[in-house]
Amino acid sequence: MKERKMRRYQNLLTVSGLGVIIFGLWSVFKTILLLFMKEETFGDIPDETYIRVIFFAILGGILLFDVLLRLYVGLSARAEGFGKKKGYAYVVVAVLMAFASLASLVLIFFDTNEQSIWELVVSVIVEATSLIVTIELLVGAFTVKKLKKELGEVS
């Protein structure tokens with residue numbers, strides 16, 4: 001019975017790990033789309049070339065950091081889902097990501113930029129889905145680690 005539960009939660013870990021990676025790639029794609037589709041969003045940046053270069057370099061660094069964190073969490077979850085031993089570091093990062101996602105979800109409602117109701121709805125749905133996937137990953141990680149201890153495996 002516990003072995004079956006273990007397999008189910010390991011599968012949840014592999015699927016939710018992939019989901020975390022996909023949402024990381026989506027955040028980069030969405031930001032690039034915003035840059036090209038809504039120039040007024042970034043209209044406050046002065047026209048001087050060096051300032052724009054610095055802005056895009058910082059933005060690129062932030063996006064790279066976000067993707068690398070999500071890759072780390074997602075790949076670690078998938079590895080543990082496939083039976084490899086993983087520590088708790090990726091779980092701690094996933095908890096921080098869940099809190100950041102929750103904060104982002106709340107901040108969507110306080111956005112002062114004019115946006116249509118459809119933009120608001122889509123933003124809420126995507127951010128809520130990302131939060132749910134991260135929470136599922138956490139549930140899977142804690143359950144797999146608990147079951148490993150009960151079954152006598154070292155995690």
Find out whether [X] and [Y] are in side-chain contact, i.e. whether some heavy atom of one side chain is under 4.5 Å from a heavy atom of the other.
| X | Y | value |
| --- | --- | --- |
| Met6 | Gln10 | yes |
| Thr129 | Val126 | no |
| Arg70 | Phe23 | yes |
| Val67 | Leu63 | no |
| Ser16 | Val133 | yes |
| Thr143 | Val139 | yes |

Distance from [X] atom [atom1] to [Y] atom [atom2], nearest 0.5 Å?
| X | Y | atom1 | atom2 | value |
| --- | --- | --- | --- | --- |
| Leu18 | Leu75 | CG | CG | 9.5 Å |
| Met97 | Ile135 | CE | CD1 | 11.5 Å |
| Leu107 | Glu127 | CG | CD | 9.5 Å |
| Arg4 | Leu147 | CZ | CG | 13.0 Å |
| Ile51 | Phe56 | CD1 | CZ | 12.5 Å |
| Tyr88 | Phe142 | OH | CZ | 7.5 Å |

Between [X] and [Y], which heavy-atom pair has the shortest distance, and what is it?
| X | Y | answer |
| --- | --- | --- |
| Val91 | Ala141 | CG2-CB, 3.8 Å |
| Gly17 | Ala77 | CA-CB, 4.1 Å |
| Thr134 | Ala94 | CG2-O, 3.4 Å |
| Lys2 | Leu151 | CB-CD2, 4.0 Å |
| Lys84 | Lys148 | O-NZ, 3.5 Å |

Side-chain heavy atoms under 4.5 angstrom apart, residues restricted to Ile, Leu, Val, Met, Phe, Trp, Tyr: same cluster for [X] and [Y]?
| X | Y | result |
| --- | --- | --- |
| Ile132 | Leu13 | no |
| Leu138 | Val15 | no |
| Tyr90 | Ile22 | no |
| Phe65 | Val95 | yes |
| Val93 | Val144 | yes |

**OP:** Indicate, with yes or no, if the rings of Trp26 and Phe29 have centres closer together than 6.0 Å.
**Re:**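 Yes, ring centres under 6.0 Å apart.
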
**OP:** Kindly say whether Lys86 contributes a backbone atom to a donor-acceptor pair with the side chain of Lys145 at under 3.5 angstrom?
**Re:**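 Judged by distance alone, yes, a pair lies under 3.5 Å.
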
Original post:
So, does Ser76 use its side chain to make a donor-acceptor pair with the main chain of Val73 at under 3.5 Å?
Top reply: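 No: the side chain of Ser76 does not pair with the backbone of Val73.
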
